[in-house]
J.: 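Please see the structure below; I have some questions.
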Amino acid sequence: MSFELRPITGEEYLPFSRATGAAFGEVQSEEDANAVLPLIELHRTLAAFDGGEIVGTGILISFQMTLPGGTSVPVGGVSWIGVLPTHRRRGILTAIMAQELRDMRDRGEALGILWASESIIYGRYGYGLSSSSLQVKIDPQRGAFGRAPESSGRVRFIDKESAPSVIPPLYECYRLTQPGEITRSAERWKLEFSDPERWRDGASGMWYVGHEAENGKLDGYVGYRVKHNWDTGFPGNVLQVRNLAACTDQARADLWRYLLSVDLVSKVEVRCPVDEPLLWMLADPRRMQVTEFSDAIWTRLVDIPAALSARCYLSEDELVFSVVDPFCPENDGRYAVQGGPNGAECRRTGREPDLALQVTDLAAAYMGGTRFSTLARAGRVEECRPGALRRADLMFAAERAPWCQTGF
Ligand SMILES: CC(C)(COP(=O)(O)OP(=O)(O)OC[C@H]1O[C@@H](n2cnc3c(N)ncnc32)[C@H](O)[C@@H]1OP(=O)(O)O)[C@@H](O)C(=O)NCCC(=O)NCCS
C-alpha cells in the first residue's frame with residue numbers, strides 16, 4: 001500500500017486529531033482537540049495520508065527526562081499513535097516509527113520514550129520495558145503508620161490562584177530527584193490548572209495540598225480529586241491521588257499522613273512506583289493493596305553511545321556490550337562503556353564483549369529498573385565473560401526505581 005507520510009499543517013490539525021480518536025474508538029470533540037492543541041509541536045507531527053484522508057497519526061513531544069544519577073537529557077515522547085481500523089496492518093505504524101527515530105536522531109535526542117496501549121506493540125521497534133507501575137488502594141482506617149520519618153512542618157492547601165506559580169517549581173524540584181520523570185511545559189500546566197469538568201469522570205475538581213518544611217519553605221505537594229459516595233448511608237468517598245511530588249522523604253511521609261487522614265474517605269487510590277516507601281511506613285503493610293501491576297514507560301536507545309554516556313553509574317566499572325538492533329541494524333555492534341557516579345563515556349569498540357543482548361533489553365536495564373541478571377534468567381542476555389552480569393547489575397543499579405507520573 002502506498003501512502004504519504006508528512007507533518008500536518010495547522011489547518012489539518014482537526015482531522016488529524018479526529019483520526020487519532022477514531023483509532024482509539026473515540027469521537028474526538030472539537031473542544032477537546034482545541035484544548036490540547038497548545039501541547040502539539042506541529043513540526044513533530046506525522047500523518048499518513050491515503051489520498052486526501054488522514055489514516056495514521058503520531059506525534060513527538062520534546063521533554064527532558066531525569067536519568068539514574070540525576071542527570072537530565074532531552075528525549076522524544078512518542079504519542080498519539082493511531083491507525084484507522086480500515087488501514088491497519090499495512091505497515092503504517094512501522095513507517096511512522098522509522099521516521100520518528102530519524103527525527104529524534106537529527107535533534108540529538110538519544111532516547112525515545114512512550115506509554116504503550118498494548119505491551120505487544122513496541123518491542124519490534126526497539127523499545128524496552130524500562131519501568132513498571134503499581135495501582136494501589138488503601139483503606140485509611142487501616143492506614144496507621146508504624147515507623148516513618150517524624151512529622152515536621154505542616155501541610156496547607158494551595159489555592160487555585162497561587163497554584164500556577166507555586167506548583168510547577170515544586171514539581172521540577174521533585175522531577176530532578178526521580179529517574180524516569182519528565183518535564184512539564186508551561187502549556188501543559190495551563191491545561192492542568194484549567195481542570196475542565198468533562199475530564200473529571202464525576203469526581204471533584206483538583207485539590208492541591210503542599211508540605212511546608214519547618215523553615216517555612218514548600219518542599220512537596222499532592223494533587224487529588226474526591227469522588228463522592230454516600231450509597232450505603234455512610235461516607236464512602238474515594239480520594240484519587242493524581243500527583244504526589246515530594247522533594248524530601250520527610251515531605252513525602254507527611255503528605256501520606258495527610259492523605260490517609262482526610263475525613264469521609266473510605267478508600268485512597270494511587271498509581272505509584274514499585275518501590276513506593278509507603279509500604280514500609282504502614283504499621284499494617286498488607287493494607288496497601290496492589291490492584292494492578294503494569295508496564296509503565298518504554299524506552300528506546302536511539303543513539304546508543306550518547307545514551308550510555310548520559311547517565312551516571314552506581315559503581316565505577318567498564319563493560320563491553322554486544323548489541324543487536326533488528327529495527328535499526330546500523331546500531332548493531334560492540335560498545336564499551338566506562339563510568340561511575342560522576343559520569344561516563346561510551347564508544348564503539350572492537351573488543352570482546354562482556355554481555356551480548358538486544359537493544360530492547362539494554363533499554364530495559366538502562367533505567368536501573370531491571371537487572372541484567374534477571375534478563376539473563378529469562379534467556380534475554382548472554383554472559384560472555386564470567387562475572388560480567390554481577391558487575392553490570394552493580395554498575396547500572398539506580399538509587400530509585402524509575403518512575404513517571406506524567407501521562408502523555
Ligand atoms: C497499534 C496500531 C497503531 C498498529 O498500526 P498498524 O499500522 O496496523 O501497524 P503495522 O501494520 O505497521 O504493524 C507492524 C507489525 O506490528 C504488528 N502489530 C501492530 N499492532 C499490533 C497489535 N496491536 N497487536 C499485535 N500486533 C501488532 C503487526 O501485526 C505487524 O507485524 P508483522 O510485521 O509481523 O506483520 C493500530 O493497530 C492502532 O491504531 N491501534 C489502536 C490504537 C492504539 O493502540 N495505538 C497505540 C497507542 S500507544
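Atoms within each ligand, like the ligands themselves, are counted from 1 in listed order. Bear in mind that the values here come from a model prediction, so they are computed numbers and not experimental data.
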J.: At under 4.0 Å between heavy atoms, is it the side chain or the backbone of Arg88 that contacts ligand 1, or both, or neither?
T.: both
J.: Starting from atom 18 (N) of ligand 1, what is the nearest protein heavy atom, named by residue and atom, and what distance separates them?
T.: Arg124 NH2, 3.9 Å
J.: Where is the nearest protein heavy atom to atom 1 (C) of ligand 1: which residue, which atom, and how far?
T.: Ile121 CD1, 3.6 Å
J.: Can you tell me the protein heavy atom closest to atom 43 (C) of ligand 1 and the distance?
T.: Ser117 OG, 3.5 Å
J.: Which residue pairs pass the disulfide (SG to SG under 2.5 Å) test when at least one of the two sits in residues 243-274, sequence neighbours left out?
T.: Cys173-Cys247
J.: Is there at least one protein heavy-atom neighbour under 4.0 Å from atom 7 (O) of ligand 1?
T.: yes
J.: Does a side-chain heavy-atom distance below 4.5 Å link Lys227 with Asp201?
T.: yes
J.: Where's the contact between Tyr125 and ligand 1, heavy-atom distance under 4.0 Å: side chain, backbone, both or neither?
T.: side chain
J.: Counting each atom of ligand 1 from 1 as listed, which ones have a heavy atom of Gly82 under 4.0 Å away?
T.: 39 (O)
J.: For Arg198, does the CZ atom have more than 12 heavy-atom neighbours from other residues, nucleotides or ligands under 6.0 Å away?
T.: yes
J.: Between Gly91 and ligand 1, does any nitrogen or oxygen pair lie at a separation below 3.5 Å?
T.: yes
J.: For atom 24 (N) of ligand 1, which protein heavy atom lies nearest, and how many Å away is it?
T.: Ile120 CG2, 3.5 Å
J.: Let me know which of Pro402, Ser130, Ser131 forms a side chain to side chain contact (heavy atoms under 4.5 Å, CB included) with Thr299.
T.: Ser130
J.: Taking only heavy atoms of Trp115, which atoms of ligand 1 are found under 4.0 Å from at least one of them?
T.: 48 (S)
J.: Is it true that atom CZ of Arg371 has more than 12 heavy atoms of other residues, nucleotides or ligands lying nearer than 6.0 Å?
T.: no
J.: In terms of residue, atom name and distance, what is the protein heavy atom nearest to atom 5 (O) of ligand 1?
T.: Leu93 CB, 3.4 Å
J.: For atom 39 (O) of ligand 1, grab the closest protein heavy atom and report residue, atom and distance to one decimal in Å.
T.: Val83 N, 2.8 Å
J.: Looking at CD1 of Ile158 and CG of Leu170, how far apart are the two atoms once the value is rounded to the nearest 0.5 Å?
T.: 6.0 Å
J.: Taking the inter-plane angle between the rings of Tyr208 and Tyr221 on a 0 to 90° scale, is it parallel (under 30°), tilted (30 to 60°) or perpendicular (over 60°)?
T.: tilted
J.: Looking at atom 48 (S) of ligand 1, what's its closest protein heavy atom, distance included?
T.: Tyr122 OH, 3.1 Å
J.: Kindly state each residue pair satisfying disulfide (SG to SG under 2.5 Å) with at least one member in residues 298-382, sequence neighbours excluded.
T.: none
J.: Tell me the nearest of Arg89, Glu26, His87 to atom 4 (C) of ligand 1, using heavy-atom distances.
T.: Arg89
J.: Taking distance alone, with N or O pairs closer than 3.5 Å, would you say Ile81 contacts ligand 1?
T.: yes
J.: Does Phe24 approach ligand 1 within less than 4.0 angstrom via side chain, backbone, both or neither, non-hydrogen atoms only?
T.: side chain
J.: In terms of relative ring orientation, are Tyr13 and Phe16 parallel, tilted or perpendicular, with 30° and 60° separating the classes?
T.: tilted
J.: Considering only the protein, which heavy-atom contact is closest to atom 40 (N) of ligand 1, and what is its distance?
T.: Ala23 O, 4.5 Å
J.: Which of the atoms in ligand 1, numbered in the order shown and given with their element, are less than 4.0 Å from a heavy-atom of Arg90?
T.: 11 (O)
J.: For atom CH2 of Trp280, decide whether the heavy atoms of other residues, nucleotides or ligands shown that lie under 6.0 angstrom number more than 12.
T.: no
J.: Is the CZ atom of Arg347 crowded by more than 12 outside heavy atoms at less than 6.0 Å?
T.: no
